[in-house]
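Notes follow once the structure below has been shown.
Sequence lines set the chain letters: A, B, ... in the order given, protein chains first and strands last, and positions in each chain run from 1.
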There are 2 protein chains.
Amino acid sequence: MGASKSEFFSEQQNELASLFKAISHPARVAIIEYLLKVDSCICGDIVNELPLAQPTVSQHLKELKNVGIIKGNIEGTAICYCLNPETMKKLENYFSGISKELKTKCC
Amino acid sequence: MGASKSEFFSEQQNELASLFKAISHPARVAIIEYLLKVDSCICGDIVNELPLAQPTVSQHLKELKNVGIIKGNIEGTAICYCLNPETMKKLENYFSGISKELKTKCC
DNA sequence: TTTTTATATTGCAATATTACGATAATTCAA
DNA sequence: TTGAATTATCGTAATATTGCAATATAAAAA
């Protein structure tokens, strides 16, 4: 096999898994870090920041965009990328909710 | 290829990616949800909660344990699993840090 | 000791991901 | 229109993940 049996899990569980899958690669963590480090949206130079070929970076950016972790605006020949604050907030809330519940429970 | 070029990224980037990879599967998100729902550590019945065979669940639990997302204590024939609050806090802090920085920046 | 119960490991088939060369598409400038 | 610059897509090879049957391991009960 190899195909995950996603049809047996809830929509929310699948959505969360997709978000995590999108950032489960060091290159994509690095992209997030870079977008955060620079003080604004980045137009163009992401490829030069990473030790990967242009088609590979393009693919990584596409995956981050597909799940809503980054946003991209076309600006002439370049594309301006930035993080999506709503998605980041959603992930923050997911883990803060878990932490809050865990305080009173568990070993 | 197919092997991710992790040697070109920082240790921290790789560690974060590993954490996210561990929860990038709906079954593993479901395990977290279940451990949270029940009011204590779970001894035994995780397999019955999931629509997957015992060896598959065992493998998923192993991966979550490897990266420190869950802890498991042997208790007789059963094993007691629970979430690791420290790892959850680490992930919460990661995203709250991002959210905080994004407030003043980005489009 | 033997049996039962619970979990782990092995081996393998099916499928998914990663990376990149080649090439296409798009937009701006000349 | 042509050429340069930037990003996307296609095709494909290498590798990783997923799932489970079969089997192994370990501890408690009989």
Quick one: does T87(B)'s side chain have a donor or acceptor within less than 3.5 Å of a partner on G68(B)'s backbone?
yes
So H25(A) and F9(B), would you call those rings parallel, tilted or perpendicular, with 30° and 60° as cut-offs?
perpendicular
Footprint string (nucleotides 21-30 of chain D, 5' to 3'): B base within contact, S backbone only, - free, heavy atoms under 4.0 Å
BB----BS--
Taking R28(B) for the side chain and K21(B) for the main chain, is one N or O donor matched with an acceptor at less than 3.5 Å?
yes
Non-hydrogen atoms of I23(B) and F20(A) that approach each other most closely
O-CD1, 3.2 Å
note: K65(A), atom NZ; dT7(D), atom P; distance rounded to Å ~ 11 Å
Residues forming a side-chain contact (heavy atoms from CB on, under 4.5 Å) with K90(A), sequence neighbours excluded:
E15(A), L19(A)
Rounded distance (Å) that lies between atom C1' of dG11(D) and atom CD of Q59(A)
12 Å
Quick one: which of dA6(C), dT18(C), dG19(D) gets closest to the side chain of A78(B)?
dA6(C)
Considering only heavy atoms, which members of residues 15-27 of chain B lie under 4.0 Å from some atom of DNA chain C?
none
Specify the separation, in whole Å, of atom OH of Y81(A) and atom C1' of dA8(D).
9 Å
Is the side chain of T56(B) donor-acceptor paired with the backbone N or O of L52(B) at a distance under 3.5 Å, no angle test?
no
Test item: S18(B) side-chain N/O and N14(B) main-chain N/O as donor-acceptor pair under 3.5 Å:
yes
Just the rounded figure in Å: distance from C1' of dT18(C) to CZ of F9(B).
11 Å
Closest listed nucleotide, where the reference is the side chain of S58(B) and the choices are dT9(C), dA19(C), dA8(D)
dT9(C)
Nearest heavy-atom neighbours spanning P26(B) and A17(A)
N-CB, 3.5 Å
Taken to the nearest whole Å, CD/E63(A) to C1'/dA19(C) is 12 Å
Any donor-acceptor pair under 3.5 Å from Q13(A) side chain to S10(A) backbone
yes
How close or far is atom P of dT7(D) from atom CD of E49(A), stated in whole angstroms?
13 Å
What closest approach, in Å, do A30(A) and L50(A) show between heavy atoms, and which atom pair accounts for it?
CB-CD2, 3.9 Å
Between S4(A) and S4(B), name the one whose nearest nucleotide on DNA chain C is closer to the 5' end.
S4(A)
For T56(B) and dC20(D), is the shortest distance between a side-chain N/O and OP1 or OP2 below 4.0 Å?
yes
For atom CG of L50(A) and atom C1' of dA19(C), their distance in whole Å:
13 Å
At under 4.0 Å between heavy atoms, what does L52(A) touch on the DNA or RNA strands: base, sugar-phosphate, or nothing?
sugar-phosphate
Can you measure I31(B) atom CD1 to dT7(C) atom P for me and round it to whole angstrom units?
12 Å
Indicate whether OP1 or OP2 belonging to dT17(D) is found under 4.0 Å from a side-chain N or O atom of H60(B).
no
For dC20(C), does either OP1 or OP2 sit under 4.0 Å from a side-chain N or O belonging to K5(B)?
yes
